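Not measured: the values here are computed from a predicted model. Order of the sequence lines fixes the chain letters, A, B, ..., with proteins taken first and strands second; residue numbering starts at 1 for each chain.
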Number of protein chains: 2
Amino acid sequence: MSTQDAVKKAGLKATLPRMLILEVLAKTIDSEVHLSAEDIYKDLLTSGDDVGLATVYRVLSQFESAGIVTRHNFEEGHSVYEMTQDHHHDHMVCVDTGKTIEFHDPEIEKKQDDIAASHGYEIVDRSSVIFVKKTD
Amino acid sequence: MSTQDAVKKAGLKATLPRMLILEVLAKTIDSEVHLSAEDIYKDLLTSGDDVGLATVYRVLSQFESAGIVTRHNFEEGHSVYEMTQDHHHDHMVCVDTGKTIEFHDPEIEKKQDDIAASHGYEIVDRSSVIFVKKTD
DNA sequence: CTCCGTGCAAAAAATTTGCAACTCA
DNA sequence: TGAGTTGCAAATTTTTTGCACGGAG
């Protein structure tokens, strides 16, 4: 499914600002870098694309509702976003360098499912962040 | 160790505002409720204790550095705090009711340790939040 | 023409900071 | 006493909202 289709499927018009924002996010898909609204805004300005910051926030919010992007609140005073990927993954954040590493472990998820079930719940979303530092 | 000692050990004076803030947090230790700076501020005002909101923020920040309290960024636009407990635990947040359930699983932590180690890292902190809803 | 979307500016919400007054050790 | 603390107000930072204009069908 193209990004245009994904946007239309969400009941949103495939407008230029929206496509531009998706492009910026798409660039970081493999780099494990997560962008804030401000980051995306600046990136667009630098590229000569005049998109308002309010629009970036509005679009990200719409995309999040549509499941096109995922929002994270790691720890700073702002949210960061990434394009939603097929496979769920957790994050390892280096407290010294800020580097992010994504990982996935079926066993951990299975355990979490079991624990939720034992309390009468089912999981709708997960957010596991491990703060790490290089082993000396 | 008394709360006074904990504060002094952190190199902070055991002042009235600090003790009051700790008391408010202590009340919620068993309820699995997490308070925001604003919550604590209002609680104190209601009790007739005039502590400035800025002081609440400053003190919470100092307590967090000292390891006396733990800050969480579940998902809203603000942080919530709880007194640091001996045993690490993760959180299950009900998306419908906002209820929080704490749980702990050694196997999950072991797996996380292994994964971090395999990347050359060691874990300094964890934050796993599972968003759930009641099974139908 | 109508609706949806956008930019801009103002508003909110959350948190931090400067500074004079105050307090605990 | 005097370094550490506090309250208040002002400043920041992040995000949301109101509104008039603009573009696609």
Close side-chain approach of B:D90 and B:D105, heavy atoms under 4.5 Å: no

Flag for B:H89-B:E82: side-chain donor and acceptor within less than 3.5 Å: yes

B:L12, nearest nucleotide to its side chain (from D:dT5, D:dG18, D:dG7): D:dT5

Minimum side-chain heavy-atom gap B:T70-B:Q85 below 4.5 Å: no

Nearest atoms (heavy-atom pairs only) where A:V51 meets A:Y41: O-CE1, 3.1 Å

Rounded distance in Å - CZ (A:R71) to C1' (D:dT16): 12 Å

Whole-Å distance separating the CG atom of B:N73 from the C1' atom of D:dT14: 13 Å

Protein-nucleotide distance (B:H78, atom NE2; C:dT16, atom P), rounded to Å: 14 Å

Main-chain N/O of A:K13 paired to A:R18 side chain as donor or acceptor, under 3.5 Å: yes

Pairs under 3.5 angstrom, nitrogen or oxygen only, protein versus nucleotides 21-25 of chain C, please.
residue, atom, partner, partner atom, Å
C:dC24, O2, B:K13, NZ, 3.3

Within-4.5 Å side-chain heavy-atom neighbours: A:I130 and B:Y121: no

Side-chain N,O (A:T55) to OP1/OP2 (C:dT6) below 4.0 Å: no

Any donor-acceptor N/O pair under 3.5 Å between D:dG4 base and B:R18 side chain: no

Value in whole Å for how far the P atom of D:dT6 lies from CD of B:Q62: 7 Å

Selected nucleotide, minimal atom distance to A:A54 side chain, candidates D:dA9, C:dC8, D:dT6: C:dC8

Net bend of the helix from C:dC1-D:dG25 to C:dA25-D:dT1, end axes of five pairs each, nearest 10 degrees: 20°

Rounded distance (Å) that lies between atom P of C:dT15 and atom CD of B:E38: 9 Å

Any donor-acceptor N/O pair, B:T84 side chain to B:I68 backbone, under 3.5 Å: yes

Check: A:D43/A:T46 side-chain N/O donor and acceptor closer than 3.5 Å: no

Interatomic distance where NZ belongs to A:K42 and C1' belongs to D:dT13 [whole Å]: 11 Å

Sugar-phosphate, base or nothing in reach of A:S79, heavy atoms under 4.0 Å: sugar-phosphate

base_contact_polar (D:dG4 base, B:R58 side chain, donor-acceptor, <3.5 Å): no

Side chain of A:Y57 - closest among D:dT6, D:dT16, C:dA14: D:dT16

Euclidean distance, B:E23 CD relative to B:T28 OG1, rounded to 0.5 Å: 12.5 Å

Distance, rounded to the nearest Å, where B:M19 contributes CE and D:dT5 contributes P: 11 Å

